[in-house]
Amino acid sequence: MDRLGIVVPCYNEEEVLKIASEALRGVLNDLIVKDKISKDSFVMFINDGSKDATWSLIEEEHSLYPTQVFGVKLAGNVGHQFALTAGLNVAKDMCDMSVSIDADLQDDVAVIEEMVDKFHEGKDIVYGVRKKRTTDTFFKRTTAEGFYKLMNGMGVKTVYNHADFRLMSKRAMEQFAEYKESNLFIRGIVPLIGYETDCVYYDRKERVAGESKYPLKKMLALAFNGISSFSVKPISLITGVGAVIVILSICAAIYALVSYFTGTVEPGWTSLILSIWFLGGVQLLCIGLIGQYIGKIYIESKHRPRYNIEKVLSDQ
Ligand code: UDP
Ligand code: MG
């Protein structure tokens, strides 16, 4: 029977921890009774350097349910993406599949069963996708949806309306651990792993208690990080703008020369205006060109796995 590990990053979540623990243990027990996961399946809370009582609550839950509730304490706050990665890396050696979910239970715990069913059907990654965002504020909804569109426009493949609520098999977690980059955007990496994937759909709820740990500033940082760690398109844009300006400068040159020969200009104007346009364009083009190389160095420096072999058929 397959062991499930539910991985939950927590930052200042004292208000929701007990509720989350109860709900997730409920899910485990239900799935154990239905014979879908092994009896030693667990919930693992990752304390991301919380300043409140989160860790002591995790310790308390662990002493109450030592076989079901586990805890990992990070030495300081590293942010949601790294906290989740730490959790997945610890969990991958202990379970056959993991489900990552936020502590605030905004994601529907009821669809974990569907995820596990899909795992048994042979899927390695199952994404939790939000049906609609009626419970989010208008602002959060439009900024978040704009974010997915921008990401896709920039060439970063992500699953639309999917956050970090997903099931991963052991081998998917192992491959994920091969991505050792520090500019970490998990949602961009997971689709690169490959394997058979699927989605389950759910309605996103409001936070059970406490408030969002993702204010606008952190959201913008995540968006920028997502784009800059996956795409060198912004650099290509600069090169493109440079090329356009060089072309424009040629048009400007024709205009300036015509004005010069028709004799309606001040002396010196033609050479001045031509130099400004042309040099500006050439400079942008060169910066873009240098940028292209820097972009390549950036990609090389990540040492990402270049492929993921799923199976080999041979005579061995
Ligand atoms: N979180 C974390 N470290 C941080 C910020 C957030 O581990 O520095 C956790 C948080 O406890 C929650 C999850 O990341 O379990 C998502 O955060 P939140 O629900 O506040 O984000 P939102 O749903 O508002 O985007
Ligand atoms: Mg939340």
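Whatever order the structure lists them in is the order used to number ligands and atoms, beginning at 1. Since the model is a prediction, treat every value here as computed from it, not as a measurement.
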Below 4.0 angstrom from a heavy atom of Ser212, which ligand 1 atoms are there? Numbered from 1 as shown, please. 20 (O), 21 (O), 22 (P), 24 (O)
Nearest non-hydrogen protein atom to atom 6 (C) of ligand 1, with distance, is Lys213 CB, 3.6 Å
Check whether any N, O or S atom of Asp102 sits under 2.8 Å from the Mg ion (ligand 2). no
Nearest non-hydrogen contact to atom 16 (C) of ligand 1 from the set Val78, Asp102, Leu74, Leu105 belongs to Asp102
Which ligand 1 atoms does Cys10 reach within 4.0 Å, using its non-hydrogen atoms? 7 (O), 11 (O)
N/O/S of Gln106 less than 2.8 Å from the Mg ion (ligand 2)? yes
Is the closest heavy atom of Arg204 to ligand 1 under 4.0 Å? yes
Do the side chain of His162 and the main chain of Val129 share a donor and acceptor less than 3.5 angstrom apart? no
My understanding is that only one of Asp107, Asp108, Asn161 makes a side-chain hydrogen bond (donor to acceptor under 3.5 Å, both in side chains) with Arg204; could you say which? Asp107
Determine whether a donor-acceptor pair (N or O, by modelled atom type, separation under 3.5 Å) exists between the side chain of Asp96 and the backbone of Arg3. yes
In terms of residue, atom name and distance, what is the protein heavy atom nearest to atom 18 (P) of ligand 1? Arg207 NH2, 3.5 Å
Counting from 1, what ligand 1 atoms have a heavy atom of Lys218 closer than 4.0 Å? 4 (C), 5 (C), 8 (O)
Give me the nearest non-hydrogen protein atom to atom 15 (O) of ligand 1 as residue plus atom name, then the distance to 0.1 Å. Pro9 O, 2.7 Å
Would you say the side-chain atoms of Tyr11 and Lys51 include a donor-acceptor pair closer than 3.5 Å? yes
Has Glu181 got more than 12 heavy atoms of other residues, nucleotides or ligands less than 6.0 Å from its CD? yes
Got a donor-acceptor contact below 3.5 angstrom from the Asp30 side chain to the Gly26 backbone? no
Nearest non-hydrogen protein atom, atom 1 (N) of ligand 1: Tyr11 CB, 3.7 Å
For atom 21 (O) of ligand 1, what's the nearest protein heavy atom and its distance? Tyr214 CD1, 3.3 Å
Could you tell me whether a side-chain N or O of Arg187 sits under 3.5 Å from a main-chain N or O of Val159, the two making a donor and an acceptor? no
Check each atom of ligand 1 against the heavy atoms of Ala103 and keep those under 4.0 Å away; list them by number with element. 15 (O)
For atom OH of Tyr260, decide whether the heavy atoms of other residues, nucleotides or ligands shown that lie under 6.0 angstrom number more than 12. no
Between the side chain of Tyr160 and the main-chain N/O of Asn152, is any donor-acceptor distance below 3.5 Å? no
Taking atom NZ of Lys218 as the centre, does the number of heavy atoms from other residues, nucleotides or ligands within less than 6.0 Å exceed 12? yes
Would you say the side-chain atoms of Lys123 pair up with the backbone N or O of His120, donor to acceptor, closer than 3.5 Å? no
Looking only at protein heavy atoms, identify the closest one to atom 11 (O) of ligand 1 and say how far it is in Å. Glu13 OE2, 2.6 Å
Students should be able to answer this: which protein heavy-atom is nearest to atom 14 (O) of ligand 1, and at what distance? His80 CD2, 2.9 Å
Quick one: does ligand 1 sit under 4.0 Å from the side chain of Asn77, the backbone, both or neither, non-hydrogen atoms only? side chain
The Mg ion (ligand 2) - closest N/O/S atom in Asp104: OD2
On a heavy-atom basis, I'd like to know which of Val16, Ile46, Asp48, Val8 is closest to atom 4 (C) of ligand 1. Asp48
Is it true that, when you exclude Phe224 itself, more than 12 heavy atoms of the residues, nucleotides or ligands shown sit nearer than 6.0 Å to its CZ? no
Atom 25 (O) of ligand 1 sits nearest the protein heavy atom Lys140 NZ, 3.1 Å
